[in-house]
Amino acid sequence: MKILDISKFKEMVIGGATLLEINKDYVDSLNVFPVPDGDTGTNMSKTLTSAVSEVDSKEYDNFEDLLNDFSKGALKGARGNSGVILSQIVKGINKSLAEAKVINTKSFAKALQNATDVAYSAVSKPKEGTILTVIRYMAEKSSSLANKHSSFIAFFDALIEKGEEILNKTPDMLPVLKKAGVVDAGGKGLIFVFQGFNNVLKGVPMERVAHDDENSIEDAIDNFSGDIHDLENIKFAYCTEYFIINLKNKTTEEDIEKLRDKLMAIGDSVIAIGDLSMVKVHVHTNQPNKALQYALSMGELDRIKIENMLEQNRALIKKHEANKKPIAMVSICSGGGLASIFKELGVDTVIQGGQTMNPSVNDILNVIENVNSDNVIVLPNNKNIILAAEQAVELSSKNVRVVKTVNVPEGIACAVAFDINRDIDANVEAMQDAYSEVSYGEVTYAVRKTNLDGFDLQEGDIIGITGKKIVSKGAEVSDVTFDVIGNLVDEDKSVITLYYGEGVTEEQANSLKETLADKYDECDVEVYEGGQNHYFYMISVE
């Protein structure tokens with residue numbers, strides 16, 4: 001599709017709102033600021049739902065009426081900072097499209113640029129690393145993308161890719177995001193909206209998106225302490241929101257600007273947007289009475305909401321202290337399946353990392369400091385991460401132990417051995433005994449041509465390793481895996497466990513399981529999806 005008509009654009013609006021609504025809980029979970037200004041995903045979803053309700057039951061003969069109603073509905077439903085900013089993005093897009101002769105990718109790119117201008121102008125002190133950054137970056141890239149793609153599907157595919165690109169950089173712009181290990185919630189919500197647009201064009205169903213990092217997101221919410229104890233750092237205590245309706249005849253557009261200036265003098269996070277038909281106001285202040293008084297001189301107040309952010313903060317502290325554990329476990333691994341296994345075994349936080357992606361000392365330290373316990377056990381699960389973990393211990397204010405696991409199965413054995421009723425030293429001793437019983441092997445591929453351990457290797461050859469030695473080379477993953485297990489099993493072993501990663505399907509893994517069960521009928525054979533990079537199989541024999 002190269003030109004959007006009224007009916008298709010209306011479908012896209014509904015699609016964007018639908019996909020965001022389905023995924024709003026995930027977007028909410030990304031909001032880890034010490035004092036959440038509402039739930040980002042819920043607020044953005046309510047904003048778009050209001051916009052949809054304004055246009056859904058109406059028939060339109062022209063784009064201008066549709067776009068005006070869409071913008072009006074978004075403003076009426078705007079909630080929280082992200083919801084208000086989203087309403088301004090909608091306003092900017094719609095205003096530009098209403099002036100376009102046809103809606104093609106080039107006019108849509110121009111609309112995104114206008115949306116950026118409108119959204120930035122609505123915020124008194126724009127902050128990078130937020131939804132504003134995401135819309136700005138997408139707008140900056142949109143013109144060149146429109147020149148390459150006249151098809152809206154191809155255009156949105158490329159545009160969403162650019163949005164994800166900048167979204168993944170938001171933790172580097174806002175320290176609070178980096179500390180919690182999440183991307184900006186508002187930016188992620190915006191990506192869902194554009195994905196919903198594109199799903200309509202592609203005919204793809206609106207579904208909840210599976211996220212590999214959901215466990216770590218839940219950790220961030222449960223364990224993030226950040227600065228929640230710094231009540232004195234909350235300069236303005238009351239989050240105040242309202243609409244001004246039925247504006248007085250003497251009120252002018254200039255009065256809206258003056259209101260914004262007055263609010264900035266008594267608070268921050270100021271938004272005052274709208275026109276002479278309706279104004280939406282948001283401010284953090286210690287004088288909500290003045291914020292309301294200023295508005296009363298302009299018209300009537302509607303939908304007033306005042307929240308005590310100091311009390312919200314106290315509630316977070318209370319919850320944080322109530323959930324504190326005597327001992328917490330932190331594990332490092334690569335792969336959503338492995339992370340889920342660690343979580344099921346009681347590990348509190350899983351840091352994504354491993355071979356070729358070693359976390360830094362600071363990455364590990366941040367998790368140690370934020371996990372909700374004064375006593376922490378760290379399972380590095382890789383020989384190249386042990387030193388960084390030990391350095392993090394030196395820098396930590398907590399009582400931390402590193403159990404020097406060099407692979408994931410050793411880490412899993414440690415997690416199984418953990419007993420919350422023992423003290424930290426007794427647990428470390430039990431874990432060390434547990435992982436010493438694990439025999440480990442792995443199946444991967446050669447990354448270069450070489451001769452090693454008696455094998456003449458070519459790049460891409462499938463190889464099996466036990467300890468530090470290559471024990472097998474072959475063309476089939478299953479054959480090499482069979483060889484590795486043969487080098488690990490002896491009469492004292494009773495359990496063979498395989499964790500399959502990228503390049504191996506569930507059917508292939510289960511087929512291999514059946515073959516192994518026939519050959520090693522004295523052993524229990526277990527298979528789990530690990531999802532790890534670089535390794536077809538990680539193998540544990542105990």
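None of the values given here were measured: they were computed from a predicted structure.
Listed by chain and residue number, E241 satisfy the salt bridge (charged side-chain N to carboxylate O under 4.0 Å, His left out) test with K280 (two or more places apart in sequence, or in another chain).
Between F156 and F194, the ring planes are tilted. Angles from 30° to 60° get that label.
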Assess the residue pair T133 and D184 against the criterion (side chain to side chain contact (heavy atoms under 4.5 Å, CB included)); give the C-alpha distance rounded to whole Å, side-chain angles, the decisive distance to 0.1 Å, and a yes or no. CA-CA 10 Å; T133 303; D184 177 65; over 6 Å; no
Where do F155 and F197 land on the ring-ring contact (aromatic ring centres under 6.0 Å, His included) test, with the steps shown first? CA-CA 11 Å; F155 173 72; F197 290 171; over 10 Å; no
Show your reasoning for whether side chain to side chain contact (heavy atoms under 4.5 Å, CB included) applies to V330 and V347. CA-CA 6 Å; V330 172; V347 169; 5.8 Å; no
Can D157 and K202 be said to form a salt bridge (charged side-chain N to carboxylate O under 4.0 Å, His left out), step by step? CA-CA 10 Å; D157 279 340; K202 292 180 174 180; 2.8 Å; yes
Please report the C-alpha distance between F63 and L97 in whole Å, then the side-chain angles of each, then the deciding distance to 0.1 Å, and finally whether the side chain to side chain contact (heavy atoms under 4.5 Å, CB included) criterion is met. CA-CA 8 Å; F63 254 120; L97 292 181; over 6 Å; no
Yes or no on salt bridge (charged side-chain N to carboxylate O under 4.0 Å, His left out) for E54 and K72, after CA distance, side-chain angles and deciding distance? CA-CA 8 Å; E54 193 76 23; K72 186 189 301 181; 5.0 Å; no
Step by step, would you call M138 with I191 a side chain to side chain contact (heavy atoms under 4.5 Å, CB included)? CA-CA 10 Å; M138 292 172 73; I191 296 297; 4.1 Å; yes
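For E253, the CD atom sits in a packed shell: over 12 heavy atoms of surrounding residues, nucleotides or ligands are nearer than 6.0 Å. Counting non-hydrogen atoms of neighbouring residues, nucleotides and ligands closer than 6.0 angstrom, the NZ atom of K95 reaches no more than 12 such neighbours. Counting non-hydrogen atoms of neighbouring residues, nucleotides and ligands closer than 6.0 angstrom, the CD atom of E165 exceeds 12 such neighbours. Taking a 6.0 Å sphere around NZ of K24, one finds it holds more than 12 heavy atoms contributed by other residues, nucleotides or ligands. Within a 6.0 Å radius of CD in Q458, other residues, nucleotides and ligands contribute more than 12 heavy atoms. Within 6.0 Å of CG on N62 lie more than 12 heavy atoms contributed by other residues, nucleotides or ligands. Counting non-hydrogen atoms of neighbouring residues, nucleotides and ligands closer than 6.0 angstrom, the CD atom of E128 exceeds 12 such neighbours.
Judged by distance alone, with hydrogens and angles left aside, the side-chain atoms of R208 form no donor-acceptor pair with the main-chain N or O of Y26 at under 3.5 Å. Judged purely by atom type and a 3.5 angstrom limit, S511 has no side-chain atom pairing as donor or acceptor with the backbone of E507. Under the 3.5 Å distance criterion, the side-chain polar atoms of T105 are matched with a main-chain donor or acceptor of H149. Put simply, the side chain of N358 never gets that close to the backbone of I385: no donor and acceptor are under 3.5 Å apart. Put simply, the side chain of K46 never gets that close to the backbone of G83: no donor and acceptor are under 3.5 Å apart. Put simply, the side chain of H534 never gets that close to the backbone of T444: no donor and acceptor are under 3.5 Å apart. Judged by distance alone, with hydrogens and angles left aside, the side-chain atoms of S50 form a donor-acceptor pair with the main-chain N or O of G73 at under 3.5 Å. Put simply, the side chain of T170 never gets that close to the backbone of G129: no donor and acceptor are under 3.5 Å apart. Between the side chain of R303 and the backbone N or O of F243, no donor-acceptor pair lies under 3.5 Å. A donor-acceptor pair under 3.5 Å links the side-chain atoms of N94 to the main chain of L67, judged by distance alone.
A side-chain donor-acceptor contact under 3.5 Å links D28 and T42. One side chain, D363 or S360, offers a donor N or O that lies under 3.5 Å from an acceptor on the other.
I351 has its side chain out of reach of S331: every pair of non-hydrogen atoms, C-beta onward, lies at least 4.5 Å apart. No side-chain heavy atom of M206 sits under 4.5 Å from any side-chain heavy atom of I14. The closest side-chain heavy-atom distance from T481 to F536 is not below 4.5 Å. The closest side-chain heavy-atom distance from E442 to Y537 is not below 4.5 Å. Using a 4.5 Å heavy-atom cutoff, the side chains of L512 and L516 are in contact. At least one side-chain heavy atom of P359 sits under 4.5 Å from a side-chain heavy atom of I332. Using a 4.5 Å heavy-atom threshold, the side chains of I412 and Y499 count as touching. Counting heavy atoms from C-beta outward, L159 and L112 have side chains that approach closer than 4.5 Å.
Sorted by first and then second residue, the side-chain hydrogen bond (donor to acceptor under 3.5 Å, both in side chains) pairs involving residues 106-116 (not counting sequence neighbours) are N104-S107.
The two atoms that bring N381 and F342 nearest to each other are ND2-CZ, 3.6 Å, heavy atoms only. In terms of heavy-atom proximity, Y120 sits nearest to R136 at OH-NE, 3.1 Å. Among all heavy-atom pairs drawn from N198 and I153, the shortest one is OD1-CA, 3.5 Å. Minimum interatomic distance between K162 and L145 (heavy atoms only, all atoms of both residues): CG-CD1, 4.1 Å. Nearest heavy-atom pair, A119 versus I89, reported as atom, atom and distance to 0.1 Å: CB-CG1, 3.9 Å. Across all non-hydrogen atoms, the minimal contact from S87 to A74 is CB-O, 3.7 Å.
For the atom pair NZ of K2 and OG of S150, the computed distance is 3.5 Å after rounding to the nearest 0.5 Å. For the atom pair CG (L345) and CG (L379), the distance works out to 10.5 Å, reported to the nearest 0.5 Å. Rounding to the nearest 0.5 angstrom, the gap separating the CD1 atom in I85 from the CD1 atom in I273 is 9.0 Å. Atoms CD and OG, from Q88 and S71 in turn, are 9.0 Å apart once rounded to the nearest 0.5 Å. The distance from atom CG of D5 to atom NZ of K10, rounded to the nearest 0.5 Å, is 12.0 Å. Within the model, atoms OG of S82 and NZ of K188 stand 14.5 Å from one another, a figure rounded to the nearest 0.5 Å.
K8 pairs with exactly one of I3, I103, V13, L201 by the side-chain contact (heavy atoms from CB on, under 4.5 Å) rule, that one being L201.
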